[in-house]
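Please read the structure below before turning to the comments.
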Amino acid sequence: MLENKFNFKFLTHYPISETVISLLLPLIPPPPCQQKSTLKMAPKAAAAAAPTVPIEDLFTSLNRHIQRSEFHLAVRVSDQVLSIAPGDEDAILCKVVALIKNDKIDDALSAIEKLSRKSPVDLTFFKAYCLYRQNKLDEALVSLKGHNGDSAAMLLESQILFRLGKMDACVDVYQNLQRSKIDSLEINFVAALVTAGRATEVKGTIESLRLKPTSSFELAYNVACSLIERNKHTDAEKLLLSARRIGQETLMEENLLDDDIEIELAPIAVQLGYVHQVLGDNPEALEAYSTLIKKNLADETSLAVAKNNLIALKGPKDVSDGLRKLDKLIVRAEGPSFSLASGLDLKLSLKQREAIYVNRLLLLLHSNKLDQARELASALPTIFPESIMPVFLQAAVHVRENKANKAEEMLGNFAIKFPDKSNAILLAKAQVAASAGHPQIAAESLLKIQDIQHMPATIATIVALKEHAGDIDGADAVFDSAIQWWSNEMTEDNKLAVITREAALFKLRHGKETEAARLFEELIKSHKSIDALVGLIQTTAHTDVEKAESYEKQLKPLAGVKGIDVDGLEKTSGAKHIENGPIAGTPEAYEQKNKEKTKKKRKRKPKYPKGFDPANPGPPPDPERWLPKRERSSYRPKRKDKRATQVRGSQGAVAKEAANTVGSKSSQTTNSKGTSQNTSTEQTKASSKSRKKSRK
């Protein structure tokens, strides 16, 4: 069935891409003494207003709150400054950035809208950042259009492009930023290269920047990710171990707590588990994932990847535990849609999110929860509109429900609608049809895949399916089409000889000797193959024996076969086949037979028991000593007492007397038992009393 062909997906942890956008609060210089509040107020307002605080004192307190990271108080003081000086640029910037630092993104956007109307201060960069935080990425890019050449705006643009998945454009932005001196820029640059599928460029980029991969643990981790993408898992493991060691030393120097260090290094631990899993060291990977999940000292992204990989490692062995873990990651959104918990939709890549959904649906299929699987499969096309995996999963659900015809129809319609994605879909349709016993549909699906329809493996599969369906002419046509295609193909790895030989054998097997002979003759002319000559002899022997004998003369004589008496071999019943030995009847076989001599068995002296003298053995042992006593000749059974069986008098009288005697005997026995029990109880009572007395 189709769902059994799916493997659980395990994930590589993606490179670290830090948001290095600087949202620094403006430095507020101490105001000069002459800049005291000299604003004139209207007479009525002055009479009604409370005593105002000098503006220089407000800026001093604002600076103090900023230094202490008391952003909510900084917002309050900024409002006080703006009430006195509504157009003060520093106060406006302080308020907006303090709201962002305090994670009040909605309040920051509303403040930007209000302040932009009253003040000429340009706040479009901060608006773009707030939109980026709200995951309104297209609007954020539009807001950044007027900030060309600004390094902070370019950094924000690279982060937006990274999240949108436009990795090539993101790499271009980082290449333009190399001229500006920005700390840790190489970390994000390498992360963008790896995610863009350009891992081969990482080594040259680091060398051009004159850096070592171990200059920081983040860079070492990202370079290890590039090695994983290039399937150099052993080198990646070594670099990940170095990254963990460098990270521990660096973070300990920063006086971080042990738990905080483990949280910071959690991506490295997950990636090491992934490398162990790929290298086949499943116990080590299992321990890495289990330890991380049990301690719960990791960021949400690392925990999600560890849980997914642990489920993929176990497979269908522990379905209930896997569903329990994934149910905490996937939550139901409004309507029939689903989403990931803890903001993982923004933190995980598209490939990672898809793998989590796929694994949950596979677990639902393995646990026979078809209603939930159907519901999730119907929601996946809207979540991943560009992927073909939801179509496969929907087909798997139909197959599990014994609706193979519906799965075939759905896959066929999708292949027609999206021809650029049809190859994998048609392969899945062929698999479903073959499993459901529809070989003709499976063969037609494979014939529609232009890229592989003339490959030897595909031809063999199609011919086998058509032969199973009874379409011999169709299978023959497949061979003819493949021979014609390979005849026109000018490649070094040409498969014409292989396919021609198989086609000739197929035709010979189905009674088309003339066509088979023609193909064998073409093989002999083009490749001078001995196998083809043997096949030609076998084929023509069915139709023209003389022609077969003429072809047989072209075969080279075998070495050592000259001395064979053919007439004598025909009179015999046949010779036994000896592997790696000479042919029977040849002189070599005769010489080998003469060389073989029968080996004489070596006689060994018998071993006697200890102390036994073979010269004086004594009386011979009883030959019947191992037989049971009843089977020995000296056995005599015991005699039965015949007096007990003598019966005198009538039958009824004997029965009554016997009953009386039996009753009297039973009463005597019961009385004797009762008296014995009474005497025993009295003795025990007396003994217990005597013991008590003695204790006193």
Can you confirm whether more than 12 heavy atoms, excluding those of [X], are under 6.0 Å from its [atom1] atom?
{"X": "E287", "atom1": "CD", "result": "no"}
{"X": "D258", "atom1": "CG", "result": "no"}
{"X": "K232", "atom1": "NZ", "result": "no"}

Counting distance only, does the side-chain N/O of [X] pair as donor-acceptor with the main-chain N or O of [Y] below 3.5 Å?
{"X": "Q453", "Y": "L446", "answer": "no"}
{"X": "S302", "Y": "A298", "answer": "no"}
{"X": "R360", "Y": "D327", "answer": "no"}
{"X": "T458", "Y": "I452", "answer": "yes"}
{"X": "Q394", "Y": "A377", "answer": "yes"}
{"X": "T291", "Y": "A288", "answer": "no"}
{"X": "N616", "Y": "G618", "answer": "no"}
{"X": "Y289", "Y": "G273", "answer": "yes"}
{"X": "R625", "Y": "D622", "answer": "yes"}

Problem set entry | CA sep, side-chain torsions, deciding dist, call: K429, E408, salt bridge (Lys or Arg N to Asp or Glu O under 4.0 Å) | CA-CA 6 Å; K429 182 182 177 182; E408 293 170 14; over 6 Å; no
Exercise. Which heavy atom in R400 sits nearest to a heavy atom in H366, and how many Å separate them?
Worked result: NH1-N, 4.2 Å
For this session: Give the minimum heavy-atom separation between A407 and A395, together with the two atoms involved.
Result: CB-O, 3.8 Å
Exercise. Is there a side chain to side chain donor-acceptor pair (under 3.5 Å) between E467 and H510 once you walk through the steps?
Worked result: CA-CA 10 Å; E467 194 173 8; H510 290 282; 2.9 Å; yes
